[in-house]
Student: 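Right, I'll just put the structure down here and ask away after.
This is a predicted model, so every value here is computed, not measured. Computation of the quantities below employed the complete heavy-atom set of this structure, encompassing side-chain atoms and omitting hydrogens, waters and symmetry-equivalent molecules.
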Amino acid sequence: GAGVSQSPSNKVTEKGKDVELRCDPISGHTALYWYRQSLGQGLEFLIYFQGNSAPDKSGLPSDRFSAERTGGSVSTLTIQRTQQEDSAVYLCASSSLGQGLGEQFFGPGTRLTVL
Amino acid sequence: EDKVVQSPLSLVVHEGDTVTLNCSYEVTNFRSLLWYKQEKKAPTFLFMLTSSGIEKKSGRLSSILDKKELSSILNITATQTGDSAIYLCAVLKGGSQGNLIFGKGTKLSVKP
């Protein structure tokens, strides 16, 4: 009966390196969202997966960001050639219904620090 | 461009005070407005408001949506130190998108 889990909880990397962040949604939830929260900012939408449909990537800030969702469950957010401005907390959320019909349950987040 | 604006950005009160947090929005294809409480990293859900003028209540917290004014308020009565947190307002868009558009939050500090 676990909630949304994310790993790692903290990640420190050097500028220019690639990072992968993982999200395990609540079992049975068809919708999965990635957000990021920079210092002093509200949550910023990145990408939305709904079932087997093509993801809504409209929030990805650059082509260095990509995400996959394998088998309709686990999702990985990849940031290539990280920059210092990528430092933020990356939050994943899942929902039992798509199209914003259901409450989104958030994971604990991954704090990414790019040196 | 869609936007959600919260005010005040920060607030310091004493235990027992009543506070009102504001959220206004300009969003196309509005579906619902949600309030979250964020104490550490992950926000926790408080309320979802879809209909105008209907108050939702949970203990000392209550919230109401005004679709005419494109705004919502979150009230906390008899505040406690445990209410100290960032309160986030978010608007859910309808249509094919399921994403939330968040405000920057109101940081509430409740002093003993």
Student: Just to verify, which of B/T79, B/D83, B/T18 counts as forming a side chain to side chain donor-acceptor pair (under 3.5 Å) with B/R60?
Tutor: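 Per the side chain to side chain donor-acceptor pair (under 3.5 Å) rule, the option paired with B/R60 is B/D83, out of B/T79, B/D83, B/T18.
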
Student: Does any backbone or side-chain atom of A/Q6 lie under 4.5 Å from a heavy atom of chain B? Answer side chain, backbone, both or neither.
Tutor: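 Contact with chain B involves no heavy atom of A/Q6 at all.
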
Student: Angle class for the A/H29/A/F105 ring planes (parallel below 30°, perpendicular above 60°, tilted otherwise)?
Tutor: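 Taking A/F105 first and then A/H29, their aromatic rings sit tilted (interplane angle of 30° to 60°).
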
Student: Are B/F30 and B/L70 packed together at the side-chain level, in the sense that at least one heavy-atom pair is separated by less than 4.5 angstrom?
Tutor: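 Not in contact.
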
Student: So which part of A/L91 gets closer than 4.5 Å to some heavy atom of chain B, the side chain, the backbone, both or neither?
Tutor: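 For A/L91, side-chain heavy atoms alone lie under 4.5 Å from chain B.
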
Student: Please classify the contact of B/Q6 with chain A as side chain, backbone, both or neither, using a heavy-atom distance under 4.5 Å.
Tutor: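 Neither part; nothing is under 4.5 Å.
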
Student: Does some side-chain heavy atom of B/W35 sit less than 4.5 Å from a side-chain heavy atom of B/L61?
Tutor: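 With C-beta onward as the side chain, the pair stays apart.
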
